[in-house]
There are 2 protein chains.
Amino acid sequence: MVTIYDVAAKASVSAMTVSRVINNTGKISDKTRAKVKRVMEELGYVPNQTARSLVLQQTKLLFLLITDIMNPFYTTLARGAEDAAKRSGYRLLFGNSDESIEKESDYVTTILTTRVDGVLVAPAGDPSLPHLESLRKHKVPFVLLDREVPGIECDIVLGDSKDGARRLVEHLVAKGHRNIAFVNGSPSVSSARLRLQGYQDGMKLSDLAYNERYVFETSFGPLSDLTEMGQWLDQLDPAPTAIVAGNNVLAVEILRLFRERGISVPEDISIVCFDDLGPYSEVEPFLTVAAQQAYQFGYMGMQMLVERIQERETALPWKKIVLPADLVIRRSVKTLS
Amino acid sequence: MVTIYDVAAKASVSAMTVSRVINNTGKISDKTRAKVKRVMEELGYVPNQTARSLVLQQTKLLFLLITDIMNPFYTTLARGAEDAAKRSGYRLLFGNSDESIEKESDYVTTILTTRVDGVLVAPAGDPSLPHLESLRKHKVPFVLLDREVPGIECDIVLGDSKDGARRLVEHLVAKGHRNIAFVNGSPSVSSARLRLQGYQDGMKLSDLAYNERYVFETSFGPLSDLTEMGQWLDQLDPAPTAIVAGNNVLAVEILRLFRERGISVPEDISIVCFDDLGPYSEVEPFLTVAAQQAYQFGYMGMQMLVERIQERETALPWKKIVLPADLVIRRSVKTLS
DNA sequence: TTGTATGCGTTATCAC
DNA sequence: GTGATAACGCATACAA
């Protein structure tokens, strides 16, 4: 490996001088600077970030932990985070917890040992609390994305889940639906709780009775088995004319069930959901959704994180950004007479 | 920060003993081991991977560079790579080149300075050659995924693009189509060239004339503008009854164009493509595809990479894995009489 | 079974 | 402007 000393020797200067050229610090004569640069080129010298990290006590590495890398909401969010990170001169490590507290735990270990400068976390749920406490204890700055965790105070970027869910219900009601079911994520996830509240609010505001039998709670991630959801649907009497899905993944799972059963959307039943499908919003049934600004989640979250890192000394107050969910009306809802 | 010396002092042993406990090396009495472990717990000691990397000359970090993080093919591939990496005790950094040689170049710099132990690369195209030469020059082991780059010899995992494309054409022909257009990625990408060959072979084997006017070449990534593709389509006379898309992203872009124009699939025109849509294969038009084993690309590529790293001394011959593309027949092709 | 000295590649400090 | 030295946290080689 070519080190700073190899360059120094060949350029007949000290290692310190080379370091100054690399980092553009201190005063260097143009002549030596040119010579050092030429030698670096000749030798194909590349600074060793590991050694640099050790002495500087910072890695210039950030970490993004998401819960579902197959979900366009999170990949779009990742794009935003990546762009913002690069703009601030940071590199981005990345992990995928699969909505699993255990996998999340492994990543927290990685984060701690790798000494990343900060973390962007979409927590798996309320049980993520000890993981966040661990980060806090080791003074790793972090920003939460998409989900709150009771018991922890921190910077956070949230979507307006309650409002979005309520508007989805109201849209269905406006289209003549009165029998509306709700397929939601786990109640251990804050956004799922808020979306349930929004659903309840929407029903109440429309003078419709809330019936908990019409709510099915599962995971926001891909479902390994659809039978339970199918059984829940079968026992609903009267059968719903519309379903609200707690997120895009669940909407697709419901569509999968309907396909198996030969049920058409929106002819036989209507469906709306939280989060857009990214590029796949182009295909049928061209879902009506409460679209969140996924890219902004990542971009703004990353900005907050970088600010938090750079102002580490000053005691900034915790910031909370709530992004609206925009109702995008497409063609997955049938108008009832 | 709690260091190995803090633990050593509190446990009344030397730093070396602590190091041995951490790494399970050497002989340690059970008593001291227990004491050291207890103190580590009490102090919340976390090993500093940066320092460890500096002395061991390895980071236990691997890098995965893909060209489109929004594409289910690559996210599924990433899942495979991640799983295999974890299984081998490596952590995974990750970057997204967006099919851009310039962004790819930035990532190569990151890879070099970060001293990752190895890289999994889906190259942006043939112009990636200097990037790969740079990795080779700095002795960073790498494995190519999905695309070959003329001029470089290395381990690689490829899909059988030619065969898959030929079979897509043959399927269309079997369904009565004779006028088949092809929307492909850039010819600077090896898989695009092979898919074009497969298309040509398929036409020839079916005694159909190959007409280059029926081939539209663009990028495998999302298109910012559909007008060019629209104009190409308009001038085709006779209009094709079916389109083969070079990958899933292009298929979705074509669907987007059709939606704008009120064209239905498969009623008005049939469409097939390379690569599955992941979870979104459930939605209409329920595309018939040549599905690649995306997860295996990542998993097997990562295995090859780890093996290459571990056998660095022994001169292993370059390995090439070619994974078949499976024809999955669904409902996006209309049968012509 | 445990400890001491040394070095990994870089930068901060202080001296010249 | 430039250089010598120490330090970052850890593990290897060698002693004890």
Side-chain angles (χ1 to χ4, degrees), chain A residues 1-37 39-40 43-61 89 91 112-117 138-140, chain B residues 1-37 39-40 43-61 89 109-117 138-140:
Chain A
M1 180 191 304
V2 180
T3 76
I4 207 169
Y5 282 102
D6 300 324
V7 177
K10 185 154 185 186
S12 310
V13 296
S14 74
M16 241 352 269
T17 300
V18 178
S19 175
R20 290 190 178 100
V21 171
I22 295 168
N23 299 295
N24 269 318
T25 57
K27 301 292 175 195
I28 302 268
S29 75
D30 288 349
K31 196 184 297 178
T32 40
R33 183 193 311 281
K35 182 167 56 177
V36 169
K37 285 202 167 180
V39 173
M40 290 200 301
L43 261 39
Y45 169 74
V46 177
N48 185 324
Q49 184 60 41
T50 302
R52 191 180 269 169
S53 294
L54 186 59
V55 52
L56 292 182
Q57 297 289 62
Q58 58 163 359
T59 55
K60 281 288 175 183
L61 270 177
R91 286 158 301 129
L112 258 25
T113 59
T114 307
R115 296 292 198 271
V116 299
D117 292 347
H138 288 94
K139 302 195 191 308
V140 181
Chain B
M1 182 190 303
V2 180
T3 77
I4 207 169
Y5 285 102
D6 300 323
V7 177
K10 185 154 184 188
S12 311
V13 296
S14 75
M16 235 357 265
T17 301
V18 179
S19 175
R20 289 190 180 102
V21 171
I22 295 168
N23 299 296
N24 270 319
T25 57
K27 302 291 175 194
I28 302 269
S29 75
D30 288 349
K31 196 185 299 178
T32 39
R33 183 194 310 280
K35 183 166 57 177
V36 168
K37 284 202 168 178
V39 172
M40 290 199 303
L43 262 39
Y45 169 75
V46 177
N48 185 324
Q49 184 60 40
T50 303
R52 190 180 269 168
S53 295
L54 186 59
V55 52
L56 292 181
Q57 297 288 65
Q58 59 164 355
T59 56
K60 281 288 175 182
L61 269 178
T109 303
T110 292
I111 286 164
L112 259 25
T113 59
T114 308
R115 296 293 199 271
V116 298
D117 292 347
H138 288 92
K139 303 195 191 310
V140 181

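Residue numbers begin at 1 in each chain, while the letters A, B, ... track the order of the sequences. Note that the structure is predicted; figures quoted are calculated from it, not measured.
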For nucleotides 3-5 of chain C, list the nitrogen or oxygen atoms of the protein found under 3.5 Å from its nitrogen or oxygen atoms, one pair per line.
from, atom 1, to, atom 2, distance (Å)
C:dG3, OP2, B:S14, N, 2.8
C:dG3, OP2, B:S14, OG, 3.0
C:dG3, OP2, B:T17, OG1, 2.5
C:dG3, N7, B:R20, NH1, 3.3
C:dG3, O6, B:R20, NH2, 2.4

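Rounded to a whole Å, the CZ atom of B:R52 is 8 Å from the P atom of D:dC10. What separates CD of A:Q49 from C1' of C:dT11 is a distance of 12 Å, to the nearest Å. Remark: C1' of C:dT11 and NZ of A:K60 are 15 Å apart, rounded to the nearest angstrom. If you take CG of B:L54 and P of C:dT6, they are 18 Å apart, rounded to a whole angstrom. If you measure from atom CD1 of A:I22 to atom P of C:dA12, you get 12 Å, rounded to the nearest angstrom. Atom-to-atom, CD1 of A:I4 to P of C:dA12 comes out at 11 Å; the value is rounded to the nearest Å. Atom pair B:R115:CZ and C:dC8:P shows a separation of 14 Å (rounding to whole Å applied). To the nearest angstrom, C1' of D:dG9 lies 8 Å from OH of B:Y45.
In this structure, B:Q57 and B:G26 both approach DNA chain C, and ranking their closest nucleotides by distance from the 5' end singles out B:G26.
Of all nucleotides listed (D:dG1, C:dT11, C:dG9), C:dT11 comes nearest to the side chain of A:N23.
Residue contacts shown for A:T25 are absent, as no nucleic acid heavy atom lies under 4.0 Å away. Contacts of B:L56 with the nucleic acid, taken as non-hydrogen atoms under 4.0 Å apart, involve only primed sugar atoms and P, OP1 or OP2.
Of the side-chain N and O atoms in B:T50, none sit less than 4.0 angstrom from OP1 or OP2 of D:dC8. Distances shown here put a side-chain N or O of A:S19 below 4.0 Å from the OP1 or OP2 atom of C:dT11. When the side-chain nitrogen and oxygen atoms of B:N48 are compared with OP1 and OP2 of D:dC8, none of them lie within a distance under 4.0 Å. Taking 4.0 angstrom as the limit, B:T3 places none of its side-chain polar atoms (N or O) nearer than this to OP1 or OP2 of D:dC8. Listed pair B:S53 / D:dC10 fails the phosphate criterion, with no side-chain N or O lying under 4.0 Å from OP1 or OP2.
Summary for the helix from C:dT1-D:dA16 to C:dC16-D:dG1: the axes at its two ends, each from 5 pairs, differ by 40° when rounded to the nearest 10 degrees.
Not a single donor-acceptor pair under 3.5 Å links the side chain of A:D117 to the backbone N or O of A:Q58. Between the B:R115 side chain and the A:P47 main chain, a donor and an acceptor come within less than 3.5 Å of each other. A donor-acceptor contact shorter than 3.5 Å is absent between the side chain of B:T50 and the backbone of A:T50. A donor-acceptor pair under 3.5 Å is formed between the side chain of B:H138 and the backbone N or O of A:G44.
Of all the heavy atoms in A:S53 and A:T59, the pair that sits closest is OG-CA, 3.4 Å. Contact detail for A:V116 and A:V140: the closest heavy-atom pair is O-CG1, 4.3 Å.
Counting only heavy atoms from C-beta outward, the side chains of A:V39 and A:D6 never approach each other to under 4.5 Å. For the pair A:M40 and A:V21, the minimum side-chain heavy-atom distance is below 4.5 Å.
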Next item on the list: Let me see the working for A:M1 and A:V46 under side chain to side chain contact (heavy atoms under 4.5 Å, CB included), right down to the final yes or no.
Entry: CA-CA 9 Å; A:M1 180 191 304; A:V46 177; over 6 Å; no

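Of the listed residues (B:T110, B:T113, B:T114), just one forms a side chain to side chain donor-acceptor pair (under 3.5 Å) with A:R91, and that residue is B:T114.
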